[in-house]
Amino acid sequence: MTVEPGGRVDFDFEGSLQLARQLWALAEDVQTEDGGREEQFDIANAKWEGPYKQRFIERRQNERESRGNVVEGLRENARAWAQAWATALDQQNKNNRAAEVERIRDDRGLIERGWDATFGEDNSDDEVPMPEAVPVPQPPGFEPTATEVTY
């Protein structure tokens, strides 16, 4: 990410939250689709007889575990994109603050700059409040939890 004062963070803010929503929705679809398979399994299992019944049960259990892993993986990825969004916006807000501090320093008069250089009393940093930490958007909507801070 960019660290120079006022630099733009190279990040797709809108796209990342849209992707988080899509990943979450896909996880929901996978979970919902499995409900129909569970009903079919129950019917088949109740009527199944013979030596392959246990293999059928084991395969369904493997399928359940795999589905659970896929659903959890999709949700983890969705949360990770939301976390990346919050981290990037935090950095952008810090960049904006740093640019404002630099602007205030640059606007200081020659006497003030000399005084600050001699006595070390530059308070430009104190004049600009630190931006608040950006909360991570939450599922399933992953709505933005903050906006870019401008000065």
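- Residue Arg64 places its CZ atom among more than 12 non-hydrogen atoms of other residues, nucleotides or ligands, all under 6.0 Å distant.
- Side-chain N/O atoms of Asn96 and Gln92 include a donor and acceptor closer than 3.5 Å.
- Looking at every heavy atom in both residues, Ala86 comes nearest to Pro135 through CB-O, 4.0 Å.
- Applying the side chain to side chain contact (heavy atoms under 4.5 Å, CB included) test between Val149 and each of Asn95, Asn93, Asp90 identifies Asn93 as the sole match.
- The main-chain N or O of Ala99 is never found under 3.5 Å from a side-chain atom of Tyr151 such that the two would form a donor-acceptor pair.
- Using a cutoff of 4.0 Å between basic side-chain nitrogens and carboxylate oxygens, Arg8 and Glu148 are scored as salt-bridged.
- Counting heavy-atom neighbours within 6.0 Å of Glu39 CD, excluding the residue itself, gives a total of 12 or less.
- Side-chain contact check for Arg37 versus Arg60: some heavy-atom pair is nearer than 4.5 Å.
- In this structure, Phe13 and Pro144 have side chains that are not in contact, with every pair of non-hydrogen atoms separated by 4.5 Å or more.
- Glu28 is linked by a salt bridge (Lys or Arg N to Asp or Glu O under 4.0 Å) to Arg75, counting only residues two or more places apart in sequence or in another chain.
- Side-chain contact of Gln61 with Glu65: a donor-acceptor pair under 3.5 Å is present, judged by distance alone.
- Two residues are said to be in side-chain contact when any heavy atoms from C-beta on lie closer than 4.5 Å; Glu58 and Glu63 fail this criterion.
- Separating the OG1 atom in Thr147 from the CG atom in Leu89 is a distance of 7.5 Å, to the nearest 0.5 Å.
- Atom CD of Glu38 sits about 12.5 Å away from atom CD of Glu33, to the nearest 0.5 Å.
- In this structure, Tyr52 belongs to a hydrophobic cluster whose other members, linked by side-chain heavy atoms under 4.5 Å apart, are Phe41, Trp48, Phe56, Ile57.
- Between Ser16 and Phe11 the shortest heavy-atom distance is OG-CE2, 3.3 Å.
- When all heavy atoms of Arg79 and Trp24 are compared, the closest pair comes out as NH2-CH2, 3.3 Å.
- The OG1 atom of Thr87 sits 10.5 Å away from the CH2 atom of Trp85 when rounded to the nearest 0.5 Å.
- Using modelled atom types, one side-chain atom of Gln138 and one backbone atom of Val136 make a donor-acceptor pair closer than 3.5 Å.
- Within the structure, salt bridge (Lys or Arg N to Asp or Glu O under 4.0 Å) contacts touching residues 80-89 (residues at least two apart or in different chains) do not occur.
- Considering all non-hydrogen atoms of both residues, Leu17 and Ala82 come closest at CD2-CA, 4.2 Å.
- Atom CH2 of Trp81 sits in a sparse spot, with 12 or fewer heavy atoms from other residues, nucleotides or ligands closer than 6.0 Å.
- Under a cut-off of 6.0 angstrom, the local environment of CD in Glu14 is sparse, with at most 12 non-hydrogen atoms contributed by other residues, nucleotides or ligands.
- Proximity of a side-chain donor or acceptor of Arg97 to a complementary backbone N or O of Val128 within less than 3.5 Å is detected.
- Under a cut-off of 6.0 angstrom, the local environment of CZ in Arg103 is crowded, with over 12 non-hydrogen atoms contributed by other residues, nucleotides or ligands.
- A side chain to side chain contact (heavy atoms under 4.5 Å, CB included) with Leu74 is found for exactly one of Leu23, Asn69, Asp29, namely Leu23.
- A pairwise comparison of heavy atoms in Ala146 and Val134 identifies CB-CG1, 3.9 Å as the closest pair.
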### Task
Output, in order, the C-alpha distance, side-chain angles, deciding distance and verdict of side chain to side chain contact (heavy atoms under 4.5 Å, CB included) for Lys47 and Lys53.
CA-CA 10 Å; Lys47 296 180 179 184; Lys53 183 174 182 166; over 6 Å; no

